[in-house]
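Taking it in order: structure first as structure tokens, then the write-up.
Throughout, protein chains are lettered first and strands after them, A, B, ... in sequence-line order, and every chain is numbered starting at 1.
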Amino acid sequence: RKFRLGSPQGANGLRRRETSLLVADKEKKKKESILDLSKYIDKTIRVKFQGGREASGVLKGFDPLLNLVLDGTIEYMRDPDDQYKLTEDTRQLGLVVCRGTSVVLICPQDGMEAIPNPFIQQQDG
Amino acid sequence: MAANASTNPSQLLPLELVDKCIGSRIHIVMKSDKEIVGTLLGFDDFVKLADMVLEDVTEFEITPEGRRITKLDQILLNGNNITMLVPGGEGPEV
């Protein structure tokens with residue numbers, strides 16, 4: 001007999017089938033985003049980009065590649081001395097398209113706030 | 001499109017907006033402190049990359065001073081570093 005139940009051959013055959021089912025499944029699910037942006041439509045969101053830029057605006061549209069359309073966009077300018085510190089400086093950009101390849105973070109505008117640095121050690125005396 | 005693509009007809013697709021901008025001024029903000037203003041002639045089909053062809057281009061370097069170079073005669077802008085596109089934008093105030 002060539003085929004034996006419980007043999008490594010049989011087990012491998014089953015795994016191969018499972019693997020191909022998983023791949024097919026993943027291909028079907030490829031377009032599905034883990035973040036449903038439609039719930040943010042017409043809401044103000046904050047977006048951070050590679051390279052340190054930050055902006056916020058009303059989400060008007062998006063695509064599966066995370067390209068965004070923001071309206072009434074405000075860009076938050078960084079301090080020229082300290083690239084990581086946001087200044088009070090902002091500029092109005094209006095209707096913009098944000099490239100999804102550059103987006104690193106999206107959150108609702110009222111879902112975040114600046115807090116005092118929790119990591120600073122309090123030094124006594 | 002599959003049902004889970006979550007696009008409804010009332011929303012604005014980003015690439016549609018860029019497409020509408022063809023023929024008019026566009027202001028492109030790069031990941032770095034560089035910005036490009038020009039007339040958009042077109043962009044390619046690579047949805048991930050979106051290289052752009054522009055005409056009558058002014059290049060702005062934001063941090064040092066203001067305007068840097070004025071170029072004409074069409075450029076191909078590599079889509080790799082594009083962060084934001086502002087249709088009809090005139091660029092940073094200098």
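- No path of Ile, Leu, Val, Met, Phe, Trp and Tyr side chains, each step under 4.5 Å between heavy atoms, connects Val53(B) with Val97(A), placing them in separate hydrophobic clusters.
- In this structure, the separation between CZ on Arg99(A) and CG on Asn81(B) is 11.5 Å, given to the nearest 0.5 Å.
- Under the 4.5 Å side-chain heavy-atom criterion for Ile, Leu, Val, Met, Phe, Trp and Tyr, Met52(B) and Val57(B) are members of the same hydrophobic cluster.
- Once rounded to the nearest 0.5 Å, the distance linking CZ of Arg53(A) with OG of Ser32(B) reads 7.0 Å.
- No path of Ile, Leu, Val, Met, Phe, Trp and Tyr side chains, each step under 4.5 Å between heavy atoms, connects Ile41(A) with Val58(A), placing them in separate hydrophobic clusters.
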Less than 3.5 Å apart, which donor and acceptor atoms pair up between the side chains of residues 102-111 of chain A and the rest of the protein, not counting sequence neighbours?
unit_1, atom_1, unit_2, atom_2, d
Ser102(A), OG, Thr83(B), OG1, 3.0
Gln109(A), NE2, Tyr76(A), OH, 3.3

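- Asp63(A) CG to Leu15(B) CG: the interatomic distance, rounded to the nearest 0.5 Å, is 5.5 Å.
- Both the backbone and the side chain of Leu93(A) come within less than 4.5 Å of a heavy atom in chain B.
- Rounding to the nearest 0.5 Å places CD of Glu75(A) at 4.0 Å from CE of Met84(B).
- In the hydrophobic clustering of ILVMFWY residues, with side-chain heavy atoms under 4.5 Å counting as a link, Leu40(B) and Ile75(B) come out together.
- Between Val96(A) and Pro87(B), the closest heavy-atom pair is CA-CD, 4.4 Å.
- At a threshold of 4.5 Å between side-chain heavy atoms, the hydrophobic network of Ile, Leu, Val, Met, Phe, Trp and Tyr places Phe62(A) and Tyr40(A) in one connected group.
- Exactly one of Leu13(B), Leu85(B), Leu12(B) qualifies for a side-chain contact (heavy atoms from CB on, under 4.5 Å) with Val69(A). That residue is Leu12(B).
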